[in-house]
Amino acid sequence: MDKMQTDILIIGGGAAGMSAAMSVAENSNLRVLIVDDNPTLGGQIWRSEMGKIKSPEAKKLIEKIEQNEIEILNKAQVFAQNDEKSLLAETPNGAVQMHFEKLILANGARERFLPFPGWTLPNVFGAGGLQALVKSGLSVENKRIVVSGTGPLLLAVAEYLKSKGAIILLISEQTSRMKLLKFGLGLWRIPKKFFEAIKLQSKLQRTVYLTNSFVIKAEGKENLEAVNIVQNGKNRRVECDFLACGFHLVPNIELALMLGCEIMDGNVLVDKFQETTLENVFCVGEPTGIGGVELSLTEGKIAGLSAIDKKEKAKELFTQKEKLQRFANALNETFSLRDELQSLPNEETIVCRCEDVTFGKIKDFNSFREAKLQARCGMGSCQGKICGSATEFLFDWKNESVRPPIFPVKLENLVD
Ligand SMILES: Cc1cc2nc3c(=O)[nH]c(=O)nc-3n(C[C@H](O)[C@H](O)[C@H](O)COP(=O)(O)OP(=O)(O)OC[C@H]3O[C@@H](n4cnc5c(N)ncnc54)[C@H](O)[C@@H]3O)c2cc1C
């Protein structure tokens with residue numbers, strides 16, 4: 001097995017991880033290694049399009065990283081801990097053992113999916129998932145698409161798909177107009193966000209945007225043919241080719257859990273310096289709570305400085321972080337899920353799609369563990385990453401036990 005040695009190991013090459021790496025490189029001579037499972041740096045928001053990064057901000061950051069000789073290991077997924085100071089990642093060339101002095105977790109978030117009748121039909125996608133597929137070559141030209149769920153990601157995805165020739169039939173947002181209005185009015189405090197919102201709105205000017213609205217059913221014989229949408233108690237049926245559907249984001253906490261970091265309210269618990277409850281293990285960006293790209297960048301800077309003991313310099317960023325945290329709190333409050341979404345699945349609706357476990361089979365259990373042991377819910381290849389957050393919303397079950405490997409791994413990489 002290949003071995004790598006570094007001073008600061010960063011898991012995740014998105015905004016938070018890259019910002020942490022630069023913060024270390026600009027303020028010390030320590031070795032930094034970024035490990036990421038994608039083929040290029042950028043994370044979710046700056047995901048490359050056919051290998052090319054489009055965002056000028058991301059390009060600048062990546063250029064700086066290259067100039068500072070920060071080591072990068074792409075296409076490498078961290079799946080287990082080797083010992084207190086080393087982790088294991090799977091790469092196309094086999095497993096790699098990465099030894100470090102300090103660790104920064106910057107491994108982002110994923111979309112939340114909620115089950116409703118028909119959600120597993122072909123051509124029903126996660127909103128961010130469809131965007132990622134288009135970035136890697138899927139054509140959506142002239143496809144009729146409904147975008148549904150909740151969160152600012154819906155707008156970003158709709159705008160992106162439209163720019164690629166898709167016909168966006170409508171965006172259906174579950175939150176209320178009042179909540180959105182309140183959130184919009186608060187945006188002036190963060191001018192960058194304010195102008196971004198205006199730009200997005202002007203690009204989506206003629207697109208129907210429904211609030212208080214959600215998909216209750218997806219229909220089709222073999223593939224998706226139509227969705228049923230409800231708004232203020234009124235139903236409508238919309239024929240479409242694709243449904244892009246996501247219910248905001250869920251922090252990726254499995255890696256932190258596996259290491260033994262404390263979790264609070266579904267987020268990795270960190271102090272003001274981004275240090276977790278484990279000494280010399282820091283966490284930044286979405287795993288500490290969904291907050292958007294600016295907060296990820298700021299937390300990255302703080303963690304980088306803290307990891308090299310430049311705590312006074314890190315403190316200078318606290319006010320900025322607090323301001324962004326207030327924005328994040330407002331974001332999460334605005335897009336919190338309405339209770340009606342809990343009653344979308346019927347007896348036959350699949351909840352755990354890896355193991356084909358239906359709502360009817362698990363609804364009478366008392367915990368995720370019970371559903372796992374008795375009905376195999378969460379026992380498939382995603383290890384409960386999808387149904388875990390769905391059942392947390394549906395039944396208030398916690399799924400906070402992880403077992404390595406945290407991702408499916410080739411047997412040969414486990415036994416080496
Ligand atoms: C699917 C999706 C699409 C999004 N699209 C947009 C968008 O279009 N516009 C927008 O404003 N915001 C978008 N966001 C939100 C955006 O991700 C955040 O606002 C912010 O950029 C998060 O930065 P981050 O560095 O914390 O995380 P991320 O950008 O998610 O970076 C984390 C990185 O860690 C990698 N990683 C995770 N686990 C491992 C592991 N075990 N081993 C190795 N690597 C690992 C991930 O692949 C990823 O590259 C999206 C989020 C998601 C989940």
Side-chain angles (χ1 to χ4, degrees), residues 9-21 33-49 54-55 57-58 61 72-81 87-91 96 98 104-113 125-135 149 151-161 163 192-193 196-197 200 244 246-256 258-259 267-268 274 283-300 303 324 327-328 331 385 389 402 404-409:
L9 175 63
I10 301 176
I11 314 299
M18 289 198 287
S19 160
L33 167 62
I34 305 179
V35 180
D36 191 282
D37 50 9
N38 283 304
T40 52
L41 293 179
Q44 300 290 3
I45 182 171
W46 296 323
R47 182 179 287 280
S48 67
E49 285 192 54
K54 294 276 168 77
S55 149
E57 191 182 357
L61 198 50
I72 300 160
L73 183 64
N74 278 123
K75 298 190 191 170
Q77 191 167 50
V78 176
F79 65 87
Q81 184 174 30
L87 295 177
L88 298 172
E90 182 175 65
T91 75
V96 180
M98 299 162 309
I104 301 179
L105 304 175
N107 53 320
R110 56 180 178 269
E111 290 183 272
R112 178 188 276 111
F113 300 109
F125 296 91
L130 181 56
Q131 185 185 39
L133 282 173
V134 175
K135 284 188 175 180
L153 184 57
L154 299 188
L155 291 174
V157 169
E159 189 274 319
Y160 178 77
L161 297 175
S163 77
K192 195 173 169 211
K193 291 273 170 217
E196 265 172 26
L200 257 184
F247 293 87
H248 205 30
L249 305 174
V250 188
N252 289 329
I253 57 168
E254 295 74 18
L255 189 50
M258 180 184 76
L259 300 177
N267 304 320
V268 179
Q274 301 298 137
C283 187
V284 290
E286 309 291 47
T288 66
I290 304 303
V293 63
E294 277 82 15
L295 185 59
S296 288
L297 289 166
T298 306
E299 289 185 356
L324 292 166
F327 165 79
L331 180 91
K385 290 188 186 74
S389 47
V402 287
I406 56 169
F407 291 100
V409 183

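Remember, it's 1-based here, ligands and their atoms both numbered in the order they're listed.
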Looking at CG of D37 and CG of N74, how far apart are the two atoms once the value is rounded to the nearest 0.5 Å?
9.0 Å
Report yes if some N/O of N252 lies less than 3.5 Å from some N/O of ligand 1; otherwise report no.
no
Under 4.0 Å from a heavy atom of R110: which atoms of ligand 1 are those, numbered in the order shown and with their elements?
53 (C)
Considering both backbone and side-chain atoms of G42, is one of its nitrogen or oxygen atoms within less than 3.5 Å of a nitrogen or oxygen in ligand 1?
no
Atom 44 (N) of ligand 1: closest protein heavy atom, distance to 0.1 Å, is D37 N, 3.2 Å
Between the side chains of K192 and E57, is the shortest nitrogen-to-carboxylate-oxygen separation below 4.0 Å, so that they form an ion pair?
yes
Among all protein heavy atoms, pick out the one at the shortest distance from atom 18 (C) of ligand 1; state its residue, atom name and that distance to 0.1 Å.
E286 OE2, 3.1 Å
Salt bridge (Lys or Arg N to Asp or Glu O under 4.0 Å) for K75 and E90? Distances and angles first, verdict last.
CA-CA 8 Å; K75 298 190 191 170; E90 182 175 65; over 6 Å; no
Option whose closest heavy atom lies nearest to atom 8 (O) of ligand 1, chosen from E299, M258, E90, Q131:
Q131
For F407, which part has a heavy atom under 4.0 Å from ligand 1: side chain, backbone, both, or neither?
side chain
Looking at A76, which atoms of ligand 1 are within less than 4.0 Å of one of its heavy atoms?
42 (N), 43 (C)
Considering only heavy atoms of G14, which atoms of ligand 1 have at least one such atom less than 4.0 Å away?
25 (O), 29 (O), 31 (O)
List every atom of ligand 1 that sits less than 4.0 Å from any heavy atom of G292, numbering the atoms from 1 in the order shown and giving each element.
19 (O)
Whether the Q274 and T288 side chains hold a donor-acceptor pair (N or O, under 3.5 Å, no angle test) is what I'd like checked.
no
Could you tell me whether N38 approaches ligand 1 through its side chain, its backbone, both or neither, with non-hydrogen atoms closer than 4.0 Å?
side chain
Once you restrict to heavy atoms under 4.0 Å, what part of S296 touches ligand 1? Side chain, backbone, both or neither.
side chain
The protein heavy atom nearest to atom 48 (C) of ligand 1 is D36 OD2, 3.5 Å
Of all residues at least two apart in sequence or in a different chain, which pass the side-chain hydrogen bond (donor to acceptor under 3.5 Å, both in side chains) check with Q131?
none
Please lay out, stage by stage, how K385 and E111 fare under the test salt bridge (Lys or Arg N to Asp or Glu O under 4.0 Å).
CA-CA 10 Å; K385 290 188 186 74; E111 290 183 272; over 6 Å; no
Once you restrict to heavy atoms under 4.0 Å, what part of L153 touches ligand 1? Side chain, backbone, both or neither.
side chain
Any nitrogen or oxygen of V293, main chain or side chain, under 3.5 Å from a nitrogen or oxygen of ligand 1?
yes
Just distances here: any N/O of A16 and N/O of ligand 1 closer than 3.5 Å?
yes
Please work out, at 4.0 Å between heavy atoms, whether the side chain, the backbone, both, or neither of L249 comes within that distance of ligand 1.
side chain
Which residue and heavy atom of the protein sit nearest atom 38 (N) of ligand 1, plus the separation
N107 CB, 3.5 Å
Go through the structure and list residues passing side-chain hydrogen bond (donor to acceptor under 3.5 Å, both in side chains) with Q44, not counting sequence neighbours.
R47
May I ask you to list the atoms of ligand 1 that are less than 4.0 angstrom from any heavy atom of A109?
30 (O), 53 (C)
Hey, is K135 close enough to E49 for a salt bridge, meaning N to O under 4.0 Å?
no
Tell me which protein heavy atom sits closest to atom 27 (O) of ligand 1, plus the residue, atom name and distance to 0.1 Å.
G108 CA, 3.3 Å
Heavy atom of the protein closest to atom 11 (O) of ligand 1 (residue, atom name, distance):
I45 CD1, 3.1 Å
Atoms of ligand 1 close to G12 [distance to a heavy atom under 4.0 angstrom, numbered from 1]:
33 (C), 34 (O)
Just which atoms of ligand 1 are under 4.0 Å from any heavy atom in G285?
26 (O)
Using distance alone, decide if ligand 1 has a nitrogen or oxygen within less than 3.5 Å of any nitrogen or oxygen in A15.
yes
Which residue and atom name correspond to the protein heavy atom nearest atom 42 (N) of ligand 1, and how close is it?
V78 N, 2.9 Å
Closest approach of any protein heavy atom to atom 50 (C) of ligand 1, naming residue and atom:
Q44 CB, 3.7 Å
Based purely on interatomic distance, does Q77 place a nitrogen or oxygen under 3.5 Å from a nitrogen or oxygen of ligand 1?
no
Does only the side chain of A106 get under 4.0 Å from ligand 1, or the backbone, or both, or neither? Count heavy atoms.
backbone
